[in-house]
Amino acid sequence: MKKALLISGGRQVSKELIEKYLDRFIIVADGGARILMKYDLGANLLLGDLDSIGEEALTYIREQEIEVKKFPAKKDFTDTELALSYLVDEGYKDIIILGALGTRFDHELANLLNLKKLYKKNVKAKIEDDYNEVIYVEEGSYDFIKTNKKYFSLINAGDRMNFTTKGLYYEVENLEINSENPSRGVSNEMVGDSATIKINSGSAFIIKSRD
């Protein structure tokens, strides 16, 4: 399976987190190049309209001889979505997305919806930073192991969602989340070394967090 790491231009992450994924094909969306420069890291490709990268980071990219694909500033997609489309077209089926969260809530929300789009294309994808991990899921069983991100939240991603948990502090069986109780699945916690969340119907964002 072809695996990729996408570094976007949102809130910067630690070098240690990036280093977990250096064995993947690395693509950078525009302003994400600044974090490469900060940590003196390389990449395979920079993609975007180059409106937020800055001259210093662009000089660094050129010195590192990283391939650049430039797009017009007036376009129908964000740089992150362009990078994801490129990866899907190239056959990548496992994508980690860093720098997709931050101060721009509009971009955050669009990036979350990109997880749903990738799921529909049979691509395994996760948004991650040093405080959160986010995946999009539909019907099925999902296993997790204990990490420093011990809090679990399920956010309904459709009209209604029904789920069951095992290994979390608040155990539920066939609990339905809808517009009447949207926060019912927020802030659960793993009590052992593993947990399972089963989506019985509907779809959700599963978010693992740490304080």
Under 3.5 Å donor-acceptor, [X] side chain and [Y] backbone:
X    : Y    : result
S183 : V186 : no
E133 : D129 : no
S8   : G10  : no
N188 : F152 : no
D193 : K146 : no
T165 : V172 : yes
E173 : T164 : no
D79  : V28  : no
S209 : N132 : no

N-O pairing of R24 and D94 below 4.0 Å: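 Salt bridge: yes.
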
I'd like to know if R160 pairs up with E180 as an ion pair, taking the criterion as any Lys NZ or Arg NE/NH1/NH2 lying under 4.0 Å from an Asp or Glu carboxylate oxygen.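 Looking at E180 together with R160, the answer is no, because their closest N to O distance does not fall below 4.0 Å.
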
Going hydrophobic residue to hydrophobic residue with side-chain gaps under 4.5 angstrom, can you get from [X] over to [Y]?
X    : Y    : answer
L17  : M37  : yes
I206 : Y169 : no
I197 : V191 : no
Y151 : I177 : no

Measuring only between side-chain heavy atoms, which start at C-beta, is [X] closer than 4.5 Å to [Y]?
X    : Y    : result
L98  : E128 : yes
S194 : D143 : no
S85  : K117 : yes
Q12  : R34  : yes
S201 : E139 : yes
Y60  : D40  : yes
L5   : I18  : yes
D130 : R210 : yes

Between I66 and L36, does the side chain to side chain contact (heavy atoms under 4.5 Å, CB included) criterion hold? Intermediate values first, please. CA-CA 11 Å; I66 297 170; L36 293 184; 4.2 Å; yes

Please evaluate residues L118 and V88 with respect to the criterion side chain to side chain contact (heavy atoms under 4.5 Å, CB included), reporting the C-alpha separation (whole Å), side-chain torsions for both, the decisive distance (0.1 Å), and the verdict. CA-CA 8 Å; L118 291 169; V88 170; 3.6 Å; yes

More than 12 foreign heavy atoms under 6.0 Å from CD1 of I145: is that the case here?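 Open: at most 12 neighbouring heavy atoms sit under 6.0 Å from CD1 of I145.
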
In this structure, are over 12 heavy atoms from other groups packed under 6.0 Å from R184 atom CZ?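 Not buried by this count: 12 neighbours or fewer within 6.0 Å.
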
Nearest 0.5 angstrom please: K69 NZ to D49 CG, how far?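 Reported value, rounded in 0.5 Å steps: 15.5 Å.
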
How far apart are the C-alpha atoms of K93 and K2, what are their side-chain angles, what is the distance that settles it, and do they pass the side chain to side chain contact (heavy atoms under 4.5 Å, CB included) test? CA-CA 6 Å; K93 293 294 185 180; K2 296 177 71 174; 5.9 Å; no

